[in-house]
Amino acid sequence: AGIMYFGGSNGIITFNPDKVSDDFNIPEVVFTKLIVNNKNLEAGEVVDGKVVLSKSIQRTDSVQLGYAQNHLSISFAANDFFGPENISYHYKLIGLQDEWINLGVKNEINFTGLRSGRYELLVKASRNNQDWSEEKRLTIFIATPPWYSWYAFVIYALLITGLLVLVRYISRRKARLEAKLKIIQIEKEKEHELNEAKITFFTNISHEFRTPLTLILSPVTELIESYK
């Protein structure tokens, strides 16, 4: 075809169609923004007492977040000289789901209420939905809440054990008190029965003595009257 010449305001432009390459450049994905709990994180910024990003998100391979920092928004872009038009994205978050999710042209992902654990975010891009870029990876660690940690479960076990011991102690003490009260009640009943027996005995004795004395007293009284 030969060299083609075009005239312009800045001079003449030469163009050789035979040197046009048919190679298709696959776009590269880069992370551009990390938002945690509606706060855009910058490199070196202190959040909740610690630095989450020691360097820019573009150069970060992993982030460690607190158990309450589990609402995330991650933005990314395709590093492509042809511009962002007609570039589609797929992603998956290993640890949450293993299937690729088609985002279309949307270049932002939102995660809400992620549980504690290790996640790996993979994002890839394509201009023709056939040739995909290398997967861009970001490892996300979300800390375990204190009440789910191993030492918390040790404390729970100790508390439960202590509670069971206390319940057993109270139950045994209650049983001992009930037995003691039962014994006291039985002793009182026996004492009452003994007192009743004594009263009955002395009543009977008194009656036995009263009858002979009555018989003796009447003649004696008459004898005394006769001597007056």
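Since the structure is predicted, the reported quantities are computational estimates derived from the model, not experimental observations.
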Given the rule in the side-chain contact (heavy atoms from CB on, under 4.5 Å) test, do Ile184 and Lys180 qualify, once you have shown the distances and angles that lead to the verdict?
CA-CA 6 Å; Ile184 293 173; Lys180 188 174 181 180; 4.3 Å; yes
About how many Å separate [atom2] of [Y] and [atom1] of [X], when rounded to the nearest 0.5 Å?
X	Y	atom1	atom2	result
Ile74	Lys136	CD1	NZ	12.0 Å
Arg118	Ile94	CZ	CD1	8.5 Å
Leu181	Lys188	CG	NZ	9.5 Å
Leu194	Ile199	CG	CD1	10.0 Å
Leu122	Ile101	CG	CD1	12.5 Å
Thr144	Trp150	OG1	CH2	13.0 Å

Under 3.5 Å, is there a donor-acceptor pair between the side chain of [X] and the main chain of [Y]?
X	Y	value
Ser75	Glu108	no
His71	Gly113	yes
Thr60	Lys55	yes

Quickly, which of Trp100, Trp132, Phe76 forms a ring pair (Phe, Tyr, Trp, His ring centres under 6.0 Å) with Tyr89? Name it, please.
Phe76
In Ile109, Val123, Leu138, Leu121, the residue satisfying side-chain contact (heavy atoms from CB on, under 4.5 Å) with Leu93 is Leu121
Can you tell if the side chain of [X] reaches within under 4.5 Å of the side chain of [Y], non-hydrogen atoms only?
X	Y	result
Glu187	Glu191	no
Lys92	Gln97	yes
Leu163	Leu159	no
Asn107	Thr32	no
Glu196	Glu193	no
Lys182	Ile186	yes

I'd like to know if the side chain of Ser73 pairs up with that of Asn110 as donor and acceptor (distance under 3.5 Å, no hydrogens or angles considered).
yes
Heavy-atom closest contact ([X] atom, [Y] atom, distance):
X	Y	value
Val29	Ser133	CG2-OG, 3.6 Å
Ala125	Ala78	CB-CB, 4.5 Å
Gly95	Tyr119	O-CE2, 3.6 Å
Ser116	Ala143	CB-O, 3.1 Å
Asn37	Asn70	OD1-N, 3.9 Å
Leu53	Ile57	CD2-CD1, 4.2 Å

Please report the C-alpha distance between Val52 and Val36 in whole Å, then the side-chain angles of each, then the deciding distance to 0.1 Å, and finally whether the side-chain contact (heavy atoms from CB on, under 4.5 Å) criterion is met.
CA-CA 10 Å; Val52 177; Val36 177; 5.6 Å; no
Kindly determine whether Leu72 and Leu65 satisfy side-chain contact (heavy atoms from CB on, under 4.5 Å), including the steps that lead there.
CA-CA 10 Å; Leu72 313 180; Leu65 302 172; 3.4 Å; yes
By ring-ring contact (aromatic ring centres under 6.0 Å, His included), which residues pair with Trp147, not counting sequence neighbours?
Tyr67
Is there any salt bridge (charged side-chain N to carboxylate O under 4.0 Å, His left out) pair reaching into residues 137-166, and which pairs are they, with sequence neighbours excluded?
Glu120-Arg137, Glu135-Arg137
Under 6.0 Å from the CZ atom of Phe141, do we count more than 12 heavy atoms belonging to anything else shown?
yes
Check the surroundings of atom NZ in Lys190: do more than 12 heavy atoms from other residues, nucleotides or ligands lie under 6.0 Å from it?
no
Under a 4.5 Å side-chain heavy-atom rule over Ile, Leu, Val, Met, Phe, Trp and Tyr, are [X] and [Y] clustered together?
X	Y	result
Leu158	Tyr151	yes
Leu96	Leu34	yes
Ile35	Val30	no

